[in-house]
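Keep in mind it's a predicted model, so treat the numbers as computed, not measured. Just so you know, ligand 1 is whichever comes first in the structure, and atom 1 is the first atom listed for that ligand.
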Amino acid sequence: MLPKPFLMAKPVLEYIEKHNHKAYFVGGCVRDLLLNRPLGDIDIATSAPPEYIQEIFPKVIPVGIEHGTVIVRYEKESYEVTTFRMDGNYSDKRHPDTVEFIDDINKDLERRDFTINALAMNLHGEVIDLFGGRNDIDKKMIRTVGNGYERFTEDPLRIIRALRFSSQLGFDIHPDTFKQMKDLRKEIESLAVERITNEFTKLFAGEYVANGIRYLKKLGIEKFLPVFSDFPDLINQIPSAIKPLQSFGECIALFNILKPEITVSEWVRKWKCSNKTKLEAIQLLQAYDQYKSNGIDSWLVYQLSSEFYDGFCRLLDILEQTDITIHHMNAIENELEIREKSELAINGYDLIELFPARQKGPWLHQLIKRIEKEVVSGNLNNTKSEIKDWIKWNPLEID
Ligand code: ATP
Ligand code: MG
């Protein structure tokens, strides 16, 4: 019997077929089913045009209608439904210039990147495998559909996707495919950065990331990647015993520790990352700095957002071979005297009252930070009177 996510999606396929169109499970979900791997998204390919899917289903989000993709919401789940298509040129290296909707799944499978991804399965669990994808899954092999030179020229992102799949699946890249990737590696220069960032994030998060990084080093694409091109030895500095990192913020933190000359801002700007990624990298680096001088103490845990505990442990594991886990971090957090500044028994207004002659200024913030640190570190009780006494005995260093 098919696993639950497929069974849940089945009515969507049945409904399309009831309207006299073909529908298949396609791509990564079929591959992962055959590999017995945890499933990502369930993608559906159909002969029905996107406008028709919009007509027959009550809840449809038109995410990429010009490329034939819509999202069908069914029983609280989302399914990407894409019309069978043939792709034209990728002259902007983002999307094909033209797509032609077709009635034949075979041609749709032909446009896909690797044999292991060019599989489709119908409602009855029968698999369409035109390019030996199942055989390659058995052999744990990544190989292009058709001529690799053509496929990598059409869309050079596939060069990076091959690395990504080697990292996620632990597969080898077929020597012919790898040679073609190497011959055409310069082409990745023309790609939209966001697409590269997206694949790199998955590459570094793969279960077999060491496999992916081994291929990355062998491929020699540093000259064609943003930032790495100015620091070509950086890729070789990535530890070969690397373990999965779950976000690009964690990757930037690692890169900055390996190569402090490159600032977080430069990474974020040149790899077009979000502000959240930036904040994550900055917090992780601050925590790592503190770890290097004091180990893991309350002040470190207090300052690091709990959503980054896991990532911090992953970095320590890679860089310091520690086995500190999120449980250690949580245990320290649970013992904290306060969780945030607002819990301090004293606030900015109290301090201004204590120093009526002073102008408001950065001293205020700095003083509060010192008090926070003393309280969090257990050197000072969090009561108004004790904090006031502490201030008397610890004169302000800053004016
Ligand atoms: P994941 O588990 O990460 O979602 P996936 O195999 O589903 O892996 P996606 O990037 O979601 O990968 O793409 C879905 C499918 O679309 C792929 O399996 C492949 O068949 C096809 N595909 C995606 N991007 C490309 C591309 N650049 N060139 C050719 N085919 C592609
Ligand atoms: Mg997918």
TODO: Could you check which of Arg112, Glu199, Arg151, Arg164 puts a non-hydrogen atom nearest to atom 20 (O) of ligand 1?
DONE: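 Looking at heavy atoms only, Arg112 sits closest to atom 20 (O) of ligand 1.
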Without swapping roles, check the side chain of [X] against the backbone of [Y] for a donor-acceptor pair under 3.5 Å.
X      : Y      : answer
Thr144 : Asn147 : no
His124 : Glu126 : no
Asp32  : Arg37  : no
Arg151 : Gly146 : no
Ser167 : Leu163 : no

- [ ] Please identify which atoms of ligand 1 are closer than 4.0 Å to at least one heavy atom of Gly27.
- [x]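 Taking each heavy atom of Gly27 in turn, ligand 1 has 18 (O) under 4.0 Å.
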Task: Close-contact set for ligand 1 against Arg111 heavy atoms, below 4.0 Å - done: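 The list of qualifying atoms is 29 (C), 30 (N).
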Considering only non-hydrogen protein atoms, determine which one is nearest to [atom] and report residue, atom name and distance to 0.1 Å.
atom                    : result
atom 30 (N) of ligand 1 : Asp113 N, 3.2 Å
atom 9 (P) of ligand 1  : Arg161 NH2, 3.9 Å
atom 14 (C) of ligand 1 : Asp43 OD2, 4.0 Å
atom 26 (C) of ligand 1 : Arg158 NE, 3.8 Å

- [ ] Evaluate the 4.0 Å heavy atom contact test for atom 12 (O) of ligand 1: does a protein atom fall under the cut-off?
- [x]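 Looking at atom 12 (O) of ligand 1, one finds that a protein heavy atom does lie closer than 4.0 Å.
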Task: Which segment of Asp155 sits under 4.0 Å of ligand 1 when only heavy atoms are counted - done: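 Contact part for Asp155 vs ligand 1: side chain (C-beta onward).
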Task: ligand 1 contact on Arg31 by region, counting heavy-atom pairs under 4.0 Å - done: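 Side chain only; the backbone of Arg31 stays clear of ligand 1.
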Open item on the list: With the threshold set at under 4.0 angstrom, would you say Gly40 reaches ligand 1 through any of its heavy atoms?
Closed with: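 The answer is no, since Gly40 has no heavy atom less than 4.0 Å from ligand 1.
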Task: Contact check, Phe165 vs ligand 1, heavy-atom distance below 4.0 Å - done: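 The answer is yes, since Phe165 has a heavy atom less than 4.0 Å from ligand 1.
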TODO: Report yes or no: is the cationic atom of Lys22 (NZ for Lys, CZ for Arg) under 6.0 Å from the centre of the six-membered ring of Phe84, at an angle within 45° of the ring normal?
DONE: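 Geometry flag: not set, cation outside 6.0 Å or 45°.
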Task: With Ser274 via side chain to side chain donor-acceptor pair (under 3.5 Å) - residues at least two apart - done: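 Scan of Ser274 (side chain to side chain donor-acceptor pair (under 3.5 Å), adjacent residues dropped) gives Thr277.
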Task: Under the salt bridge (charged side-chain N to carboxylate O under 4.0 Å, His left out) test, residues paired with Asp138 that sit two or more places apart - done: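 Asp138 satisfies salt bridge (charged side-chain N to carboxylate O under 4.0 Å, His left out) with no other residue.
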